[in-house]
Amino acid sequence: MTRDTESSPSSRRYFLQTLAAAGAAGLAGCGSDGNGDSGGGGGSGSTGTSGVSGQDGGDEPSGDGSDSETTEANDTVEQVPPEDFMAAWMQGPEDHVEANTFPPAKVAEKEGDTLTENSYGLVAYDDLNYSPGDVPQTFIQEFFDPVASAVKVDRLPADVESKDIASKLEENGYENIQDMDEFSAYRNLSSDAVYAVGDSEVVIGVNYDEPAREADVSQHEEDVKDAVEQRLERDAYWPEDVGDAVAAMSTTGDSLAVWENTKSMAPIVGDLDNRYQPEVGVSSVDLEEETKYGAWVFEDEDTAEWVYGDLEEGG
């Protein structure tokens with residue numbers, strides 16, 4: 001397994017594209033650039049195969065992603081390993097998977113943007129008492145059936161309490177439509193978003209791709225309830241191919257993006273023949289090192305070896 005390290009300083013656009021590699025590609029306002037950078041593990045990322053063993057301890061999520069501890073010294077929320085946070089909230093495996101997780105506050109501090117500012121999804125924060133740049137960690141998954149929609153899960157900033165979020169929503173005309181364990185779902189029929197407020201997380205159902213606004217409030221309500229119910233009913237897990245790809249990477253850095261290949265979606269690797277496309281791509285960025293990591297999982301080892309050889313030769 002090799003590591004993809006940029007030899008020259010990465011541009012802001014490259015970093016935002018890389019962080020937005022899968023489910024948040026629409027957030028950054030940019031799709032594939034023809035080199036696979038919008039696909040998980042695209043571009044010049046490392047190549048993994050179904051016949052290559054992963055790093056020690058990488059085969060299974062190590063936690064449930066639900067803890068929201070704070071560091072007393074600086075009153076900031078500690079990061080959950082991105083693979084744990086994603087495994088806790090990812091819906092599937094029967095669904096096409098297009099999802100990612102990253103630390104918006106850290107991205108904003110380094111890059112001056114949190115991705116959400118460039119998307120239609122920004123409207124979801126009009127009715128909240130915190131902004132995208134305050135969020136210590138977020139998860140986004142996009143759905144395509146029956147219509148295009150998305151769920152975003154924010155871990156709460158250290159200085160924000162769930163009861164205050166609920167009060168803010170009620171002030172803005174939202175009603176509590178259902179309580180699910182620690183989560184309370186809120187809906188406003190004239191709004192563009194639906195929320196489920198938990199002790200340490202807020203689940204948001206909202207359209208992210210502009211100008212397409214295919215999902216309506218009823219769809220967002222269903223998405224949010226499904227996300228919370230699944231989260232409460234099962235332990236964190238990976239679909240098998242996604243787990244293989246994550247395990248093959250040497251680190252998950254600050255972010256994790258997953259892109260599962262289907263015939264109806266754009267190819268994971270833009271310039272690669274469809275016959276040789278990977279089944280799953282994942283990518284991750286270490287913001288401090290300015291390094292991108294990635295892995296691809298192929299249907300068989302022969303295809304993986306061919307693609308790896310082609311990349312080695314500069315194909």
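Nothing here was measured: the structure is a model prediction, and the numbers come from that model. Counting from 1, the numbers follow the sequence of the chain as shown.
Without hydrogens or angle criteria, Asp300 side chain to Asp302 main chain gives a donor-acceptor distance under 3.5 Å. Without hydrogens or angle criteria, Asp223 side chain to Gly205 main chain gives no donor-acceptor distance under 3.5 Å. Side chain of Asn176 to backbone of Gln178: a donor-acceptor contact under 3.5 angstrom is found. The main-chain N or O of Lys168 is found under 3.5 Å from a side-chain atom of Asn172 such that the two form a donor-acceptor pair. In this structure, the side chain of Gln141 does not engage the main chain of Val151 through any donor-acceptor pair within 3.5 Å. With hydrogens and angles ignored, the 3.5 Å screen pairs a side-chain donor or acceptor of Thr101 with a backbone N or O of Thr138. Thr252 places no side-chain N or O within 3.5 Å of a backbone atom of Glu83 that could act as its donor or acceptor partner.
At least one side-chain heavy atom of Val307 sits less than 4.5 Å from a side-chain heavy atom of Phe298. Residues Glu201 and Phe85 have side chains in contact (heavy-atom distance under 4.5 Å, counting atoms from C-beta outward). Using a 4.5 Å heavy-atom threshold, the side chains of Val194 and Glu222 count as separate. Contact check for Gln219 versus Val147: side-chain heavy atoms found under the 4.5 Å cut-off.
A side-chain N or O of Ser184 and one of Asp179 form a donor-acceptor pair less than 3.5 Å apart. Residues Asp164 and Ser167 bring no donor and acceptor atom of their side chains to less than 3.5 Å of each other.
One finds the CD atom of Glu142 at 5.0 Å from the CD atom of Glu98 (value rounded to the nearest 0.5 Å). Atoms CE and CZ, on Met180 and Arg231 in that order, are 13.0 Å from each other to the nearest 0.5 Å. Distance check: Asn100 CG to Leu256 CG gives 8.0 Å after rounding to the nearest 0.5 Å. Atom-to-atom distance recorded for Met86:CE and Gln137:CD is 10.5 Å, nearest 0.5 angstrom. To the nearest 0.5 angstrom, Gln230 atom CD is 9.5 Å from Trp89 atom CH2. Atom CD1 of Ile165 and atom CG of Asp127 lie 12.0 Å apart (nearest 0.5 Å).
Nearest heavy-atom pair, Ser283 versus Lys292, reported as atom, atom and distance to 0.1 Å: CB-CE, 4.1 Å.
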Would you check, one step at a time, whether the test side-chain hydrogen bond (donor to acceptor under 3.5 Å, both in side chains) holds for Tyr293 with Asp286?
CA-CA 8 Å; Tyr293 303 84; Asp286 186 307; 5.0 Å; no
Please assess Phe102 against Val107 for the test side chain to side chain contact (heavy atoms under 4.5 Å, CB included), listing each intermediate value before the final yes or no.
CA-CA 8 Å; Phe102 59 95; Val107 175; 4.1 Å; yes
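The salt bridge (Lys or Arg N to Asp or Glu O under 4.0 Å) with Lys110 is formed by just one residue from the set Glu290, Glu289, Glu288; it is Glu290.
A salt bridge links Lys152 to Asp154: one of the charged nitrogens lies within less than 4.0 Å of a carboxylate oxygen.
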